[in-house]
Asker: 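Please read through the structure below; I'll follow up with questions.
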Amino acid sequence: MKQLTCSALSTASLALLMSVPALADDHRGLATAEIQEWKVPWEDSRPRDPWLHEGTVWFVGQSGNYVATLNPESGEFKRYEIPEGAHPHTVIVDDRGAWYAGNLDEHIGLVNPENGEVKRFELPGAGTKDSHTMDFTRDGDIYFTVQNGNQLGFLDTESEQIMLWDVPTDSARPYGLIVENDKPWATLFGTNKLATIDKGQLKEIELDREDNRPRRLGMSSDGVIWYVDYNQGYVGSYDPQTGENNDWRAPGEINSRPYGMAIDKRDDVWFVETGMQPNRLVGFDTDSKTFSEPMPIPSGGGTIRHMYYDEASDAIWFGTDVDTVGVVRLTP
């Protein structure tokens, strides 16, 4: 496959330094956030779902139908061509290469960074097979969601076999997914439920509010699941040990539309209010249960759909619908 290399555009106008103090005074405090964005050289390509591997930022262009990298030191971009019509949704990366979800072409693909060759792993069965969001197990296998196909999936990367679980609730729209301790957790965006695989069986978990529509999620170090409710504008928590479910209204309230989110090493939640233009970054202190002052995304964002936290650098990466890739650098 052909590779295309491009130089980064100037980022000076897209950098913003701003502290984000929480609204209450009786808490340990959130980190200070600094945002920087790079303009992607492929217009109207919806760069999204970045993943950091050995200092290189990988991302996909869902509308542009590509996998690409950004060198954050030099600002250089490199593009990898993938099968026509794949329209990738997510990319996750390890030493074997870049694994992308071929959302509109019923496959998961593996890009070889050395020569750009793509290996396809076809989703089995009939019906809609729109691979969506993915994450690795410790052994390098992959769990993933199939949104409109209403399934969770598992790719054994050694045997190259794929297993699929049907979600019992109709039109549940499995969406965001994480893997913690080799166990997948997913949001069911079409309903007020989460899902996991327990002892080989898919288990649905109903959240308290019927109008709750969880979209992205993460897990704090105590094993609690945190999610954002896109429909009503909440940050929520679910404790798998006790079954307790709580939520807190985001600053933008009903207009918040929280979407991309991540949890930092202090166990604080960061999310983007995409119902606001410009989009706004908000921190949530999970100790004091207080929110930061919203922080505008310099480019406007359009919609920030997913965020990736790198613990080593204490930074959150994101892509935007206005053709930028960005980073939130956190300082205690």
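This chain uses plain numbering: 1 for the first residue, then up along the sequence.
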Asker: Only one of Y80, Y308, Y66 passes ring-ring contact (aromatic ring centres under 6.0 Å, His included) with W58; say which it is.
Answerer: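 Among Y80, Y308, Y66, the one that satisfies the ring-ring contact (aromatic ring centres under 6.0 Å, His included) with W58 is Y80.
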Asker: Taking M307 as the starting point, is it possible to reach L217 by hopping between hydrophobic residues whose side chains are less than 4.5 Å apart?
Answerer: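 In one cluster with L217: M307, no.
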Asker: Would you confirm whether W51, through its side chain, and V93, through its main-chain N or O, come within 3.5 Å as a donor-acceptor pair?
Answerer: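 A pair under 3.5 Å: yes.
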Asker: With a 4.5 Å cut-off on side-chain heavy-atom distances among I, L, V, M, F, W and Y, is there a chain of contacts connecting V327 to V60?
Answerer: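 Both belong to a single hydrophobic cluster.
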Asker: Is there a chain of hydrophobic side chains (I, L, V, M, F, W, Y, each step under 4.5 Å between heavy atoms) that links I316 to M295?
Answerer: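 Looking at the clustering, M295 is in the same group as I316.
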Asker: Mind checking whether D166 and N150 have side chains closer than 4.5 Å, heavy atoms only?
Answerer: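 A side-chain contact is absent here, since even the closest heavy-atom pair is not under 4.5 Å.
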Asker: Using a 6.0 Å distance limit plus a 45 degree cone around the ring axis, check whether R213 lies over the aromatic ring of Y230.
Answerer: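 No - R213 does not lie over the ring of Y230 by the 6.0 Å and 45° rule.
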Asker: For residues T274 and N279, is any side-chain donor paired with an opposing acceptor at under 3.5 Å?
Answerer: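 Result is no, nothing qualifies.
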Asker: Which residue in the set T191, N245, N192 passes side-chain contact (heavy atoms from CB on, under 4.5 Å) when paired with E206?
Answerer: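 Of all the options given, the one that passes is N192.
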Asker: Do you see a donor-acceptor pair shorter than 3.5 Å between the side chains of T137 and D139?
Answerer: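 Absent: no donor and acceptor within the cut-off.
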Asker: On the 0 to 90° scale, with breaks at 30° and 60°, tag the Y143-F154 ring pair as parallel, tilted or perpendicular.
Answerer: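 Correct class here is tilted.
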Asker: For a 4.5 angstrom cut-off between non-hydrogen side-chain atoms, does F284 reach K289?
Answerer: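 Sidechains of K289 and F284: in contact.
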Asker: If we ignore angles and hydrogens, is there a donor and acceptor under 3.5 Å between the side chains of S256 and R249?
Answerer: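 Result is no, nothing qualifies.
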Asker: Does the side chain of I35 come within less than 4.5 Å of F318's, by heavy atoms?
Answerer: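 Yes, close enough: below the 4.5 Å cut-off.
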Asker: Do the non-hydrogen side-chain atoms of F144 and L164 ever get within less than 4.5 Å of each other?
Answerer: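 Side chain of F144 against side chain of L164, heavy atoms only: contact under 4.5 Å found.
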Asker: Can Y238 and N246 be counted as having a side-chain donor-acceptor contact under 3.5 angstrom?
Answerer: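 No donor-acceptor contact under 3.5 Å links the two side chains.
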Asker: Distance only, no hydrogens: is a donor on one side chain within 3.5 Å (strictly under) of an acceptor on the other, for W317 and D310?
Answerer: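 There is no such pair (donor and acceptor under 3.5 Å, judged by atom type) between the side chains of W317 and D310.
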Asker: Residues in ring-ring contact (aromatic ring centres under 6.0 Å, His included) with H87, at least two apart?
Answerer: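 Result, ring-ring contact (aromatic ring centres under 6.0 Å, His included) vs H87: none returned.
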Asker: Can you measure from CG (L194) to CG (L177) and round to the nearest 0.5 angstrom?
Answerer: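 Here the interatomic distance stands at 11.5 Å.
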Asker: With no hydrogens and no angle check, is any side-chain donor or acceptor of S292 less than 3.5 Å from a backbone partner on P294?
Answerer: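 Here the side-chain-to-backbone pair does not exist.
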Asker: Determine the interplanar angle of the H89 and Y175 rings, folded into 0 to 90°, and report it as parallel if under 30°, tilted if 30 to 60°, perpendicular if over 60°.
Answerer: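 Because their plane-to-plane angle is over 60°, the rings of H89 and Y175 count as perpendicular.
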Asker: When rounded to the nearest 0.5 angstrom, what distance separates CD in Q147 from OG in S171?
Answerer: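 If we round to the nearest 0.5 Å, Q147:CD and S171:OG are 10.5 Å apart.
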Asker: Ignoring hydrogens and geometry, is there a side-chain-to-backbone donor-acceptor pair from D285 to D268 under 3.5 Å?
Answerer: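 No; zero donor-acceptor contacts below 3.5 Å.
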Asker: Decide, yes or no, whether a salt bridge links D321 with R305 under the criterion of side-chain N to carboxylate O below 4.0 Å.
Answerer: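 Looking at D321 and R305, the cut-off is met.
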Asker: Does one side chain, of N148 or H132, offer a donor that lies under 3.5 Å from an acceptor on the other?
Answerer: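 No, no side-chain donor-acceptor contact under 3.5 Å.
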Asker: Please report the C-alpha distance between W248 and F291 in whole Å, then the side-chain angles of each, then the deciding distance to 0.1 Å, and finally whether the ring-ring contact (aromatic ring centres under 6.0 Å, His included) criterion is met.
Answerer: CA-CA 9 Å; W248 298 265; F291 292 93; 8.2 Å; no
Asker: Parallel, tilted or perpendicular: which one describes the rings of Y100 and H107, with boundaries at 30° and 60°?
Answerer: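 Ring orientation of Y100 relative to H107: perpendicular.
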Asker: How about E37 and T320: does a side-chain donor come under 3.5 Å of a side-chain acceptor?
Answerer: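 The criterion, which ignores hydrogens and geometry beyond distance, is not satisfied for T320 and E37.
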Asker: Return the minimal non-hydrogen interatomic distance between E81 and V118, and the atom names on each side.
Answerer: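 Looks like O-CG2, 4.1 Å.
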Asker: Is it true that R120 and E122 make a salt bridge, defined as a side-chain N closer than 4.0 Å to a carboxylate O?
Answerer: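 Yes, R120 and E122 are salt-bridged.
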Asker: P258 versus D229: any side-chain heavy-atom pair under 4.5 Å?
Answerer: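 No; the side chains remain at least 4.5 Å from each other.
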Asker: Please report the closest heavy-atom contact between P72 and G55, naming both atoms and the distance.
Answerer: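 So the minimum-distance heavy-atom pair works out to CD-O, 3.4 Å.
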Asker: Distance alone, cut at 3.5 Å: any donor-acceptor contact between the side chains of D267 and S221?
Answerer: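 Yes, S221 and D267 have a side-chain donor paired with an acceptor closer than 3.5 Å.
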Asker: Do the side-chain N and O atoms of Y227 and N212 include a donor-acceptor pair separated by under 3.5 angstrom?
Answerer: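 Side-chain D/A pair, Y227 to N212: present.
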